[in-house]
Student: 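My structure is below; once you've seen it, I'll send some questions.
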Protein chains: 2
Amino acid sequence: MTTSKAACVGRPRGFDIDLALEQALNVFWRNGYEGTSLNELTEAMGIKKPSLYAAFGNKEQLFFKAIDLYENRPDSLFNIAFQHEHVADVIRGLLLGAATQFTDCSHPQGCALINSTLSCSEASESIKQTVLARKAKHKQRLVDRFTQAKTSGELQADCEPEVLASLMTTLFQGFSMQASEGASVDELQQVAAMAAEGILTVCVKR
Amino acid sequence: MTTSKAACVGRPRGFDIDLALEQALNVFWRNGYEGTSLNELTEAMGIKKPSLYAAFGNKEQLFFKAIDLYENRPDSLFNIAFQHEHVADVIRGLLLGAATQFTDCSHPQGCALINSTLSCSEASESIKQTVLARKAKHKQRLVDRFTQAKTSGELQADCEPEVLASLMTTLFQGFSMQASEGASVDELQQVAAMAAEGILTVCVKR
DNA sequence: TGTATTTTGTACCGATGGGTATTAAATTAT
DNA sequence: ATAATTTAATACCCATCGGTACAAAATACA
């Protein structure tokens with residue numbers, strides 16, 4: 001699928017490339033891009049450096065592939081929440097979903113995309129720009145959905161879709177940081193509930 | 001004041017130590033702790049490494065002194081907002097103040113404290129813990145203020161001070177990230193206004 | 001005029017960063 | 001078997017990291 005080179009000649013690869021990519025994602029998710037060293041990566045992936053470079057190119061390309069894997073997961077926050085018909089349920093789903101997923105112990109805490117941008121000095125500028133572009137794309141999905149809600153009369157007249165979308169991403173980023181710093185599910189869910197109540201009261205007709 | 005060693009014997013120091021500390025703060029503010037190298041620091045401070053180590057100890061201690069400088073500024077967000085009598089004005093002041101200060105072009109974008117935690121791998125664990133402790137102290141100030149407001153009857157009965165404080169810090173962290181990523185004053189102020197309206201509607205008696 | 005004391009600049013230290021050259025090992029095709 | 005091809009492991013490359021040894025320079029005191 002992601003890597004479908006049927007190299008049927010030569011010595012066969014001694015590791016599962018998709019599994020290795022998942023391990024790499026976990027490390028980047030936990031430590032960000034610059035906070036992750038090749039030694040950490042190779043150890044987590046169970047391979048040596050030359051194998052990593054042969055299979056994935058370099059650290060940067062490995063990161064991009066890992067982020068692709070992250071964003072294409074079917075149980076993504078956006079994919080689930082956007083299934084709701086009413087914008088009120090979308091907003092509730094996004095906030096509660098973020099609080100829940102970001103603190104899920106079955107994987108690193110917080111959002112992999114958000115966590116990755118954090119530790120980017122001027123060195124890895126391309127990483128920064130790419131991640132920012134992806135985040136902007138997600139924000140645009142919010143703007144589009146809220147604009148549609150405004151058109152269909154679900155939102156208050158004085159509620160601007162762009163501002164509402166910005167508020168949502170602000171909360172996501174805050175949730176991601178708090179989760180990474182050890183906040184509990186309960187704490188974030190309570191915050192999400194309060195935020196949702198405030199937003200729905202102010203922005204959504206009921 | 002901060003460094004009042006009257007070393008009146010020996011070769012006099014060739015640079016202003018307080019000014020140098022301000023420059024160091026600016027660099028940490030922009031790049032975080034691990035994202036800042038000694039070369040960047042010495043260049044910004046206009047001194048060489050041995051001078052830095054003689055004056056400030058090491059990178060870690062320099063960071064702590066820079067953060068002290070940051071937190072003790074009289075025009076701090078909290079110090080200003082907490083002067084208001086009514087909790088509604090405190091909340092409005094904190095949110096609008098954060099949006100405004102975090103995007104102020106006269107210094108690096110975002111909150112120095114929040115930005116510093118971001119790029120902390122397991123390496124600099126002491127930095128992480130110290131910054132987390134300081135952030136927790138600030139959050140406690142919020143909890144105390146909101147608890148007082150609850151007692152004095154300014155808050156709704158179902159509004160928990162801890163949750164409200166968490167929501168505020170969530171927004172601060174989100175604002176800091178967005179500001180660091182280039183969000184404009186206007187954008188953040190609009191978001192802050194919407195957030196304030198929602199919070200006041202849901203949490204504060206009017 | 002020393003002498004003690006402190007700062008400054010240069011040049012360096014070991015450790016770690018991302019990345020690679022090279023050779024041995026394992027497989028398919030001839 | 002043997003050649004061609006691909007992966008694996010070791011050992012290395014250079015740049016940068018935080019930090020420091022050392023000697024020259026600049027001051028106060030005797």
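Side chains are part of it too, since the values below use all heavy atoms of this structure and drop only hydrogens, waters and symmetry mates.
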Student: What is the distance, rounded to the nearest whole Å, between atom CZ of A:Phe56 and atom P of C:dG18?
Tutor: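 Atom-to-atom, A:Phe56 to C:dG18, this comes out as 16 Å.
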Student: For A:Asp104 and A:Ser106, test the side chains for any donor-to-acceptor distance below 3.5 angstrom and give the result as yes or no.
Tutor: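 Yes, A:Ser106 and A:Asp104 have a side-chain donor paired with an acceptor closer than 3.5 Å.
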Student: Out of C:dA25, C:dT27, C:dT20, which has the shortest distance to the side chain of A:Arg11?
Tutor: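 For A:Arg11, the side-chain atoms sit closest to C:dA25.
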Student: Are B:Lys128 and B:Tyr33 in a cation-pi setup, meaning NZ or CZ lies under 6.0 angstrom from the ring centre and within 45 degrees of the ring axis?
Tutor: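 No, a cation-pi geometry is absent between B:Lys128 and B:Tyr33.
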Student: Ignoring hydrogens and geometry beyond distance, is a side-chain donor-acceptor pair present between A:Glu71 and A:Ser76 at under 3.5 Å?
Tutor: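 No, no side-chain donor-acceptor pair sits under 3.5 Å.
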Student: From C-beta outward on A:Ser51, which listed nucleotide comes closest to its side chain: D:dG19, C:dG19, D:dA8?
Tutor: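 Among D:dG19, C:dG19, D:dA8, the one nearest the side chain of A:Ser51 is D:dA8.
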Student: To the nearest Å, give me how far apart CD (B:Glu43) and P (C:dG9) are.
Tutor: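 It is 14 Å, rounded to the nearest whole Å.
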Student: How close or far is atom P of C:dG18 from atom CG of A:Leu41, stated in whole angstroms?
Tutor: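 Computing the A:Leu41:CG to C:dG18:P distance gives 8 Å.
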Student: Any N or O donor-acceptor pair linking the side chain of A:Lys49 to the base of C:dG19 at under 3.5 Å?
Tutor: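 When only heavy-atom distances are counted, A:Lys49 does reach the base of C:dG19 through a donor-acceptor pair under 3.5 Å.
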Student: Would you kindly give the CG-to-P distance between A:Leu62 and C:dG19, to the nearest whole Å?
Tutor: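 Roughly 10 Å, once rounded to whole Å.
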Student: Taking only the side-chain heavy atoms of B:Lys48 (C-beta and beyond), determine which of C:dT10, C:dT20, D:dC17 contains the nearest atom.
Tutor: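 Comparing C:dT10, C:dT20, D:dC17 against the side chain of B:Lys48, the answer is C:dT10.
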Student: Taking for each residue the nucleotide of DNA chain C with the nearest heavy atom, is it B:Gly46 or A:Lys59 whose nucleotide lies nearer the 5' end?
Tutor: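 Its nearest nucleotide lies further toward 5', so the answer is B:Gly46.
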Student: Taking the minimum atom-to-atom distance to the side chain of B:Pro50, which one of D:dA21, D:dT7, C:dG19 wins?
Tutor: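 For the B:Pro50 side chain, the nearest candidate turns out to be D:dA21.
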Student: Which whole-number value in Å describes the distance from A:Tyr53 OH to D:dC12 P?
Tutor: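 Interatomic distance, OH of A:Tyr53 to P of D:dC12: 19 Å.
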Student: Could you check whether A:Thr36 gets within reach of a base, just the sugar-phosphate, or nothing at all, counting any heavy atom under 4.0 Å?
Tutor: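 Since only primed, P, OP1 and OP2 atoms lie under 4.0 Å of A:Thr36, the category is sugar-phosphate.
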Student: Would you call the rings of B:Phe78 and B:His138 parallel, tilted or perpendicular, where under 30° means parallel and over 60° means perpendicular?
Tutor: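 Ring orientation of B:Phe78 relative to B:His138: tilted.
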Student: Rounded to the nearest Å, what distance is computed from the CD atom of residue B:Glu34 to the C1' atom of nucleotide C:dG17?
Tutor: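 Checked: the CD to C1' distance equals 13 Å.
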Student: More than 12 non-hydrogen atoms from neighbouring residues, nucleotides or ligands closer than 6.0 Å to CD on A:Gln61, yes or no?
Tutor: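 Yes - once you tally the heavy atoms of other residues, nucleotides and ligands closer than 6.0 Å, there are more than 12.
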Student: Nearest-Å distance, CD1 (A:Ile17) to C1' (D:dA8)?
Tutor: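 One finds 15 Å between C1' of D:dA8 and CD1 of A:Ile17, rounded.
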Student: Can a side chain N or O of B:Asn39 be found less than 4.0 Å away from OP1 or OP2 on D:dT16?
Tutor: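 Checking D:dT16 against B:Asn39, no side-chain N or O comes under 4.0 Å of OP1 or OP2.
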Student: Specify the residue among B:Ile47 and A:Glu40 whose closest nucleotide of DNA chain C lies further upstream toward the 5′ end.
Tutor: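 Here B:Ile47 is the residue nearer the 5' end.
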Student: B:Leu38 CG to C:dC12 C1': how many Å, rounded?
Tutor: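 From B:Leu38 CG to C:dC12 C1': 15 Å.
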